[in-house]
Amino acid sequence: MNNISIVGIDLAKHVFQLHAVDDSGHKVFSKKIKRDQLRTVMANLPPCIVAMEACGSAHYWAREISQLGHDAQLLPPQAVKPFIQGHKNDARDAAGIAEAAARPATRRVTVKTQEQQSLQALHRVRSRLVRARTAVGNELRGLLNEVGIIVAQGHRVIRQGDIRQLLDERHDQLGATLCNVIHDLLDEWLALDTRIAEYDKRLEAYVQASPCTKQLMSVPGIGPVNATLLVSHMGDPKRFPNGRQFSASIGLVPRQYSSGGKNVLKSITKRGNSEVRRQLVHGARAALRQFQRQEHPDRLAQWVIRLAARVGQRKAIVALANKMARICWSILAHQRSYQA
């Protein structure tokens, strides 16, 4: 057992599959254990590399195994798949994980801390509430449109209670059934809006207590949502060699299709975390509107305004989001403030 070099673990809910290899890549053991046995088994093994796919509960187990003296590593599932031989089962999955971990070129996923996972969970719940609020608002406008009532876009018209006043004026025309349904939708929308505002307050409180998020908010287009989302997703910024590598990890760089010395760049790759990418694009859109209203634009504003005039606003917004991602990486990696 002392010659173990790498242990690949195929994670599951109740039953885990382990596959251990030595320095030469030969199998030492392959066995299946229950969830409550994993800590005991790993504590009895000599210090080695413990590799797992970056999936559900992987960050938790990586932290637990690291405390036992092992080098816990998380691998992207798409990097493990080519090493799985034959039909899929737990034993072959664990063997493929161990084989992929033996390759230095295989990318690693940084293990998230408990704080980062908590912040990420807050963002996920908030995003779900925003989607639900949008769905309820669209349903509300659609039902009113069916009876000839057109409601203006935006949240203000719903928050101010104009729709309730309109329903009271046309109660006899619309009927009690439809009015009750609309009132129920209004109550549901307002309840979701209140919950989103509570999550926004939590994000604002986190920003005030975190110096790095305050530094990020000095960048145009970066508010509390983007700042906390970047911190929770990026983790240690120095795991990326430069800002372009970080922007590439969230899919904001062009897709390359080059051959024979001819470079062909297409649309952005859209890889990585879609929520981070989407929020950066939203922030870039707001920043571009702000830049266009400035009387004395800085270098960044001048660049994106000229770009928007040449290629159009949509492409310029994505390019600005890419630039913002690289600027945010530089701020976190070098611990410095934004210089316009």
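Numbering starts at 1 and runs along the sequence shown.
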Inset, instruction - Evaluate salt bridge (charged side-chain N to carboxylate O under 4.0 Å, His left out) for R126 paired with D200, printing each intermediate quantity in order. - result: CA-CA 8 Å; R126 181 187 178 277; D200 289 339; 2.7 Å; yes
Legend entry - Full working for salt bridge (charged side-chain N to carboxylate O under 4.0 Å, His left out) between K32 and D10: CA-CA 10 Å; K32 186 178 294 185; D10 182 48; over 6 Å; no
Legend entry - side chain to side chain contact (heavy atoms under 4.5 Å, CB included) evaluation trace for M217 with T213: CA-CA 6 Å; M217 288 183 61; T213 52; 5.6 Å; no
Inset, instruction - Take F29 and I4 through the test side chain to side chain contact (heavy atoms under 4.5 Å, CB included) and record every step on the way to the result. - result: CA-CA 9 Å; F29 67 80; I4 294 177; 3.5 Å; yes
Inset, instruction - Kindly indicate, with the supporting measurements, whether the criterion side chain to side chain contact (heavy atoms under 4.5 Å, CB included) is fulfilled by K13 and R35. - result: CA-CA 7 Å; K13 291 183 179 179; R35 180 185 185 89; 5.5 Å; no
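Distance alone, capped at 3.5 Å, places no donor-acceptor pair between the S210 side chain and the Y206 backbone. In this structure, R141 contributes its side chain and A152 its backbone to a donor-acceptor pair below 3.5 Å. T113 places a side-chain N or O within 3.5 Å of a backbone atom of Q116 that can act as its donor or acceptor partner. H59 contributes a side-chain N or O that, together with a main-chain N or O of K112, makes up a donor-acceptor pair within less than 3.5 Å. Remark: side-chain polar atoms of Q17 are paired, donor with acceptor, to backbone N or O of K31 under 3.5 angstrom. Proximity of a side-chain donor or acceptor of R255 to a complementary backbone N or O of S267 within less than 3.5 Å is not detected. Side-chain N or O atoms of T106 include one that pairs as donor or acceptor with a backbone N or O of A100 at under 3.5 Å. Under a 3.5 Å cut-off, the side chain of S5 and the backbone N or O of D23 do not form any donor-acceptor pair. Side chain of S330 to backbone of I327: no donor-acceptor contact under 3.5 angstrom is found. Of the possible donor and acceptor atoms, one in the side chain of Q302 sits under 3.5 Å from a partner among the backbone N and O of P297.
In this structure, Q114 and Y60 have side chains that are not in contact, with every pair of non-hydrogen atoms separated by 4.5 Å or more. Within the 4.5 Å cutoff, the side chain of L140 has no heavy atoms near those of the W189 side chain. Looking only at side-chain heavy atoms (C-beta outward), R63 and V111 come within less than 4.5 Å of each other. The shortest distance between side-chain heavy atoms of L300 and L320 falls below 4.5 Å. L280 is listed as a side-chain neighbour of N226, based on a closest heavy-atom distance under 4.5 Å. Between N273 and Q120, some side-chain heavy-atom pair lies under the 4.5 Å cut-off. Side chains of L144 and L166 form no contact here, defined as non-hydrogen atoms less than 4.5 Å apart. No side-chain heavy atom of H233 sits under 4.5 Å from any side-chain heavy atom of H123.
Expressed to the nearest 0.5 Å, how far CG of L122 lies from CZ of R202 amounts to 6.0 Å. Annotation: the span from H14 atom NE2 to D36 atom CG amounts to 11.0 Å, rounded to 0.5 Å. Atom CD1 of I33 and atom CZ of R39 lie 11.0 Å apart (nearest 0.5 Å). In this structure, CZ in F246 is found 8.0 Å from CG in L332, a value given to the nearest 0.5 Å. Rounding to the nearest 0.5 Å gives a distance of 4.5 Å between CD of Q279 and CD of E275. Taking CG of L203 as the start and CG of L119 as the end, the distance is 7.0 Å to the nearest 0.5 Å.
Summarising the local packing, CZ of R164 is surrounded by more than 12 heavy atoms from other residues, nucleotides or ligands at distances under 6.0 Å. Atom CZ of R239 is surrounded by more than 12 heavy atoms from other residues, nucleotides or ligands within 6.0 Å. Crowding of R244 atom CZ: a count of heavy atoms from other residues, nucleotides or ligands under 6.0 Å not exceeding 12. Around the CD atom of E169, the shell of radius 6.0 Å holds more than 12 heavy atoms that belong to other residues, nucleotides or ligands. The number of heavy-atom neighbours closer than 6.0 Å to CZ of R159, taken from other residues, nucleotides and ligands shown, is above 12.
Residues R271 and Q78 bring no donor and acceptor atom of their side chains to less than 3.5 Å of each other. Side chains of R92 and H87: a donor-acceptor N/O pair is absent below 3.5 angstrom, by distance only. Using a 3.5 Å distance cut-off with no hydrogens or angles, the side chains of Q256 and T269 do not pair a donor with an acceptor.
Counting all heavy atoms, side chain and backbone alike, R108 lies closest to A101 at NH2-O, 2.7 Å. Here the shortest heavy-atom pairing between R133 and H155 reads NH2-CE1, 3.2 Å. Nearest approach of C212 to V231, heavy atoms of both residues: SG-CG2, 4.0 Å. Listed here is the closest heavy atom pair of P220 and Y338: CD-CE2, 3.5 Å. Of all the heavy atoms in I250 and A325, the pair that sits closest is CD1-CB, 4.1 Å. Considering every non-hydrogen atom in both C328 and L230, the closest pair reads SG-CD1, 3.6 Å.
Note on V276: it clusters hydrophobically with L252, by side-chain heavy-atom contacts below 4.5 Å among ILVMFWY residues. V318 and I222 fall within the same hydrophobic cluster, where Ile, Leu, Val, Met, Phe, Trp and Tyr residues are linked whenever their side-chain heavy atoms come under 4.5 Å apart, directly or through other members. With hydrophobic clusters built from ILVMFWY side chains whose heavy atoms lie under 4.5 angstrom apart, M52 does not share a cluster with V21. A chain of hydrophobic side-chain contacts below 4.5 Å, direct or via other Ile, Leu, Val, Met, Phe, Trp or Tyr residues, connects V281 to V225. Under the 4.5 Å side-chain heavy-atom criterion for Ile, Leu, Val, Met, Phe, Trp and Tyr, V109 and M234 are members of distinct hydrophobic clusters.
The salt bridge (charged side-chain N to carboxylate O under 4.0 Å, His left out) check on R306 picks up nothing, with sequence neighbours excluded.
Tested against C179 for a side-chain contact (heavy atoms from CB on, under 4.5 Å), the candidates D172, D168, L174 yield a single pass: L174.
Using the six-membered ring where Trp is involved, H334 and W329 have ring planes that are perpendicular, over 60° apart on the 30 and 60° scheme.
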